[in-house]
Protein chains: 2
Amino acid sequence: MTGRVRAPRRVDALSRERVVAASIELLDTAGEDGLTVRALTAHLSTGRGAIYHHVVGKDDLLTAATDAVIGDLVATAGDGDPRETLRSIAVGIFDTIDAHPWVGGQLTRHPQPAVFRLWNSIGASLSELGVAGTDLADAGSALVSYVLGASAQYAAGARQAVDPVAREKYLQQLATQWPGSGCDGGPGQAAELLTDHDDRDQFLAGVDIFLAGVLARLRVKMD
Amino acid sequence: MTGRVRAPRRVDALSRERVVAASIELLDTAGEDGLTVRALTAHLSTGRGAIYHHVVGKDDLLTAATDAVIGDLVATAGDGDPRETLRSIAVGIFDTIDAHPWVGGQLTRHPQPAVFRLWNSIGASLSELGVAGTDLADAGSALVSYVLGASAQYAAGARQAVDPVAREKYLQQLATQWPGSGCDGGPGQAAELLTDHDDRDQFLAGVDIFLAGVLARLRVKMD
DNA sequence: ACCTGAACACCGTTCAAGT
DNA sequence: ACCTGAACACCGTTCAAGT
């Protein structure tokens with residue numbers, strides 16, 4: 001009698017990977033405040049103290065989860081146009097933080113290994129553009145700050161307080177489509193996509209302004 | 001530091017202003033985690049529930065404290081060169097967040113009235129420069145995002161730089177991985193990137209890059 | 001070695017009871 | 001009306017006790 005064919009109960013032992021994966025799941029579904037030791041251990045069907053055998057504490061958990069999500073995103077600078085590479089790096093960060101808003105607060109609050117890789121990729125592309133020395137440090141810092149900060153703020157919904165027109169539109173859409181949306185996801189999703197789309201364009205416009213500034217200063221220096 | 005001892009006498013009745021002022025004091029001295037209802041009410045020599053007669057809750061407290069600190073910072077709109085006005089607004093935000101690091105997280109996490117005023121000031125100066133329409137929205141959003149995000153990240157980084165272990169590790173990685181390192185003493189140059197004084201210069205350099213980009217695009221559009 | 005879960009020291013908020 | 005402080009429902013972390 002075999003019984004218990006596919007019970008996901010205690011088949012695997014706990015591991016750091018499983019704990020981190022469950023944390024990401026919880027963060028995505030329940031938000032930053034939804035990640036509690038109680039909720040996490042309940043999700044893992046284990047005791048409250050079990051995770052402390054695989055993780056130092058909650059800080060370690062947040063850092064590991066962030067690193068797992070941002071992971072290989074900033075893999076390597078392509079050998080194409082450095083401008084395009086920079087834009088795709090920026091958009092990659094934006095989309096990741098948009099999908100996992102808690103990553104935004106995490107990356108901007110405390111420096112992490114993931115931020116290093118971002119620095120290196122951005123620095124390499126700027127270097128390819130011909131930026132060097134102090135200018136490279138200045139431009140790299142500014143671009144990293146913008147990409148991280150703007151993505152985090154867009155994800156946090158800063159746009160609603162910043163742009164009165166978009167705020168009005170957003171609230172109107174929210175008022176008309178959010179409460180009465182009985183149909184399965186259609187209008188609500190459309191509204192989300194619209195606002196996301198605008199945010200993304202505006203974010204990228206900021207990247208382009210920045211790159212234009214870098215190139216303008218580069219040209220001045222060459223004269 | 002005079003050494004004068006201030007006795008916590010209960011001369012005045014509690015008020016929203018006194019509660020907010022005490023919160024700011026606590027946030028500045030004990031950090032973001034140091035603001036607890038227990039510590040606050042102890043500081044005010046009152047019962048735990050007393051503050052709830054003057055404040056909705058902790059969120060309201062944080063918002064009010066942030067607004068009080070950022071307060072009239074943006075109010076001083078100079079009628080001089082808009083570029084200089086923009087730079088002074090940016091530096092004002094940077095210095096404020098540097099002095100009150102908790103303001104950084106607060107402004108970037110949740111939209112606030114203070115952010116709206118910042119957007120208006122920056123928008124007005126950009127408008128004076130001749131930026132209009134979609135370009136104004138794009139440039140304004142980008143600058144607000146950069147000023148807020150970069151200031152918050154520099155403040156967070158400065159706090160972490162106090163930890164000697166993390167700082168050393170950070171410097172080492174920076175020195176070995178930063179592209180084009182190899183000039184006079186890589187580590188030394190990397191170390192300079194983390195000092196507070198250079199932070200301000202680097203932050204302002206970022207503002208100038210953005211402004212150069214805005215002006216460059218403006219020139220292109222005029223052709 | 002790994003896991004359990006009660007216990008501990010916190011936290012924000014509420015509310016009957018006082019003034 | 002304003003304040004008090006015990007009580008409530010949480011939280012992260014620890015640790016003797018089990019397997």
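Both backbone and side-chain heavy atoms feed into the values below; hydrogens, waters and symmetry mates do not. Just so it is clear: chains get the letters A, B, ... in the order the sequence lines come, proteins before strands, and each one is counted from 1.
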query: Would A:Arg200 and A:Asp95 pass as an ion pair if we require N to O under 4.0 Å?
result: yes
Nearest-Å distance for atom pair CG/P, residues A:Leu26 and D:dC11: 11 Å
- request: For A:Leu35, report the nucleic acid contact type (base, sugar-phosphate, nothing); a contact means any heavy atom under 4.0 Å.
  value: sugar-phosphate
query: So what does B:Leu40 touch, heavy atoms closer than 4.0 Å: a base, only the sugar-phosphate, or nothing?
result: nothing
message: Closer than 3.5 angstrom, by distance alone: can the side chain of B:Lys58 be matched with the main-chain N or O of B:Leu35 as a donor-acceptor pair?
response: yes
- prompt: Less than 3.5 Å between a donor and an acceptor, one on the side chain of A:Arg48 and one on the base of D:dG12, is that the case here?
  reply: no
task: Check whether any side-chain N or O of A:His54 sits under 4.0 Å from OP1 or OP2 of C:dC2, and answer yes or no.
output: no
- prompt: Angle class for the B:Phe210/A:Tyr146 ring planes (parallel below 30°, perpendicular above 60°, tilted otherwise)?
  reply: perpendicular
- request: Find the distance B:Lys58:NZ to C:dC11:C1' and express it as a whole number of Å.
  value: 8 Å
message: Just the rounded figure in Å: distance from C1' of D:dA16 to OH of A:Tyr52.
response: 17 Å
query: Rounded to whole angstrom units, what separation is found between the NE2 atom of A:His53 and the C1' atom of D:dG18?
result: 12 Å
- prompt: How long is the line joining CD1 of B:Ile51 and P of D:dG5, in whole Å?
  reply: 15 Å
query: Charged N to carboxylate O below 4.0 Å: is that the case for A:Arg109 and A:Glu32?
result: yes
